[in-house]
Student: 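One structure coming up, written as structure tokens, with questions to follow.
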Amino acid sequence: MPLITPIVMRRGLLAAGGTLLAALVARNSLRQAPTPGPEAPGTGPARNAAPPAAPGPAPRGIADLQPHAPAALPALAFTTADGVRRTLADYAGRGVILNFWATWCTPCVSEMPALDALAGAMAASKPPMTVLAVSLDRAGAAAVTPFYASHGIRNLPVLLDPHSETMMALRLDGIPTTLVIDRGGQEVARIQGPVRWDDRDAAASLQRMAG
């Protein structure tokens with residue numbers, strides 16, 4: 001049997017004591033650690049963060065905008081930022097892309113820059129087409145004009161329907177919804193949801209639909 005000297009015994013006791021001390025510290029740390037739970041209001045790193053926005057639908061490609069048989073439209077009217085009444089008949093013969101939107105509608109807002117760029121391109125195309133975006137904001141120009149300014153919208157006129165009369169006349173299920181109106185004033189395509197208006201074939205496809 002090997003001889004256990006006092007020095008060896010002392011070393012063993014120290015090692016055992018160190019292990020016991022480490023175990024006690026670990027146990028106390030576990031007892032004192034807070035159990036994860038909901039943060040109290042106004043505390044934690046996220047106290048200044050805005051609530052996460054619900055994701056909107058993914059934009060659809062221009063190929064999803066399929067033409068249908070020409071259909072007559074009801075009389076549609078809206079106003080400019082200055083309160084001037086406009087009707088769809090004012091744009092007869094040009095072909096119209098008619099979009100319905102609102103500043104509080106996340107998918108509407110997401111497609112506005114591309115829709116604005118499309119408006120500029122279609123106005124310069126031959127033959128030209130008109131892109132109109134009719135806002136359903138109840139606040140009217142007070143909501144839309146600063147939105148245009150802050151988002152750099154330059155090619156779309158401010159058009160307003162704060163009482164959603166056009167939406168009801170067309171029996172729209174929601175916004176954004178876009179209609180393509182041919183040069184004879186009839187609806188030839190309709191799509192609900194945001195669209196990638198900057199698709200490479202967008203302008204050519206819209207021209208074909210307008211006739």
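Values reported hereafter were calculated over all heavy atoms of this structure, with side chains retained and with hydrogens, waters and symmetry mates removed.
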Student: Once you round to the nearest 0.5 Å, how far does CH2 of Trp104 lie from CZ of Arg138?
Tutor: 9.0 Å
Student: Calculate, to the nearest 0.5 Å, the distance between atoms CG and CG belonging to Leu179 and Leu172 respectively.
Tutor: 7.0 Å
Student: Which residues pass the side chain to side chain contact (heavy atoms under 4.5 Å, CB included) test with Pro74, not counting sequence neighbours?
Tutor: Leu76, Ala169, Leu170
Student: Using the test side chain to side chain contact (heavy atoms under 4.5 Å, CB included), find all partners of Arg200 that sit at least two apart in sequence or belong to another chain.
Tutor: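 Here no residue qualifies.
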Student: Can you find a pair of side-chain heavy atoms, one from Leu160 and one from Asp137, that are under 4.5 Å apart?
Tutor: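 Contact flag for Leu160/Asp137 side chains = no.
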Student: Closest approach of Gln186 and Leu73, non-hydrogen atoms and distance?
Tutor: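 In this case the closest contact between Gln186 and Leu73 is C-CD1, 4.5 Å.
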Student: Pairs in or reaching into residues 84-95: which pass side-chain hydrogen bond (donor to acceptor under 3.5 Å, both in side chains), with residues at least two apart or in two chains?
Tutor: Arg94-Thr130
Student: What pairs meet the salt bridge (charged side-chain N to carboxylate O under 4.0 Å, His left out) rule with one or both residues in residues 178-187, with sequence neighbours excluded?
Tutor: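 Pairs touching residues 178-187 that pass the test: Glu187-Arg190.
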Student: Is the shortest heavy-atom distance from the side chain of Thr79 to the side chain of Val84 under 4.5 Å?
Tutor: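 Thr79 does not reach Val84 side chain to side chain.
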Student: Is it possible for you to say whether Val134 and Val195 belong to one hydrophobic cluster, with membership spreading through side-chain heavy-atom contacts below 4.5 Å?
Tutor: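 No; Val195 is not reachable from Val134 via cluster members.
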Student: Indicate the atoms forming the closest heavy-atom contact of Glu111 with Pro176, along with that distance.
Tutor: OE2-CB, 3.2 Å
Student: Can you pull out every salt bridge (charged side-chain N to carboxylate O under 4.0 Å, His left out) where at least one residue sits in residues 148-169? Sequence neighbours excluded, please.
Tutor: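 Not a single pair qualifies under salt bridge (charged side-chain N to carboxylate O under 4.0 Å, His left out).
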Student: Given a cutoff of under 4.5 Å between side-chain heavy atoms of I, L, V, M, F, W and Y, with clusters grown through shared members, what are the other residues clustered with Met168?
Tutor: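 When side chains under 4.5 Å apart are linked, Met168 ends up in no cluster with other residues.
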Student: Will you find, in the side chains of Thr80 and Asp82, an N or O donor that is under 3.5 Å from an N or O acceptor?
Tutor: no
Student: Over 60° means perpendicular and under 30° means parallel, so classify the ring planes of Tyr148 and Trp101, tilted if in between.
Tutor: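 Parallel.
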Student: Can you get from Ile62 to Met129 by hopping between Ile, Leu, Val, Met, Phe, Trp and Tyr side chains that sit under 4.5 Å apart?
Tutor: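 Yes, one cluster joins them.
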